[in-house]
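Notes for the one structure printed next.
Keep in mind the model is a prediction, meaning the values are calculated, not measured.
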Amino acid sequence: MDVQSLEALMRMLADQAGPVFAGLGLLGAALFWVLRSMGWAGSGERTRVVASARLDTIDDKLDGLESRLGNIEADLEDRPTRAEMHEIQTMLARLEERAQARANQMVAIQASVTRVEDFLISLSRGSK
């Protein structure tokens, strides 16, 4: 809003509504002009100037975050999925069952060996 259109608006308000409304119109126009100069009204874009050092700091932080996010994504890609973890757990359970079965067999074999050894010892004592 330029000065000429503001003067025309003031004259129109003064002619049609009286001096009080013209003053209110002038006050509203001044408020609008102040808000527009601050970037709060008018163009719809509010611009704010940020210092170059602050932008560099923000840029460095963003670079660090991008690097960390890349590391996390790479780590997640290497981890097994839920289905793969279930498969691993199932395989471990089967291995534990097999190991327990082998242990039971070893106990039975040890008992058999002990009986054979006892028999052979008693046989060797009896022949003397």
Side-chain angles (χ1 to χ4, degrees):
M1 185 176 271
D2 60 353
V3 176
Q4 292 175 349
S5 61
L6 185 61
E7 286 178 10
L9 177 67
M10 245 179 32
R11 280 192 205 116
M12 181 183 72
L13 285 174
D15 291 340
Q16 292 181 359
V20 173
F21 286 109
L24 287 175
L26 179 61
L27 183 63
L31 181 63
F32 178 77
W33 182 77
V34 168
L35 290 176
R36 184 175 177 193
S37 68
M38 292 174 61
W40 286 85
S43 66
E45 291 184 26
R46 197 173 143 209
T47 58
R48 186 172 169 197
V49 178
V50 179
S52 178
R54 177 81 172 132
L55 285 177
D56 291 341
T57 303
I58 291 171
D59 191 41
D60 291 341
K61 286 182 179 181
L62 281 176
D63 288 342
L65 287 174
E66 284 178 355
S67 173
R68 290 175 57 195
L69 181 60
N71 292 339
I72 290 170
E73 287 174 343
D75 185 39
L76 287 176
E77 287 176 3
D78 293 339
R79 292 188 180 206
T81 62
R82 184 180 300 259
E84 291 170 337
M85 282 300 294
H86 178 69
E87 186 178 341
I88 291 169
Q89 289 173 343
T90 304
M91 288 171 43
L92 282 174
R94 288 182 189 151
L95 284 174
E96 286 176 358
E97 289 173 4
R98 287 181 182 173
Q100 186 61 42
R102 297 288 192 258
N104 292 340
Q105 286 176 346
M106 293 300 290
V107 168
I109 290 171
Q110 180 64 37
S112 295
V113 167
T114 303
R115 279 193 314 269
V116 169
E117 286 176 344
D118 289 344
F119 174 73
L120 291 175
I121 290 173
S122 68
L123 191 65
S124 70
R125 284 187 187 155
S127 65
K128 287 186 180 180

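Side-chain atoms of Ser67 never come within 3.5 Å of backbone atoms of Asp63 as a donor-acceptor pair (strictly under, hydrogens ignored).
Counting only residues at least two apart or on different chains, the salt bridge (charged side-chain N to carboxylate O under 4.0 Å, His left out) pairs with a member in residues 77-104 are Asp75-Arg79.
The side-chain hydrogen bond (donor to acceptor under 3.5 Å, both in side chains) search around Asn104 returns Gln100, not counting sequence neighbours.
A heavy-atom distance below 4.5 Å is not found between the side chains of Leu65 and Leu69.
Val116 and Leu123 fall within a single hydrophobic cluster, where Ile, Leu, Val, Met, Phe, Trp and Tyr are joined by side-chain heavy atoms under 4.5 Å apart, directly or via other members. With hydrophobic clusters built from ILVMFWY side chains whose heavy atoms lie under 4.5 angstrom apart, Met91 does not share a cluster with Ile88.
Atom CD1 of residue Ile109 and atom OG1 of residue Thr114 lie 11.5 Å apart, to the nearest 0.5 angstrom.
In this structure, a donor-acceptor pair under 3.5 Å is present between the side chains of Arg115 and Ser112.
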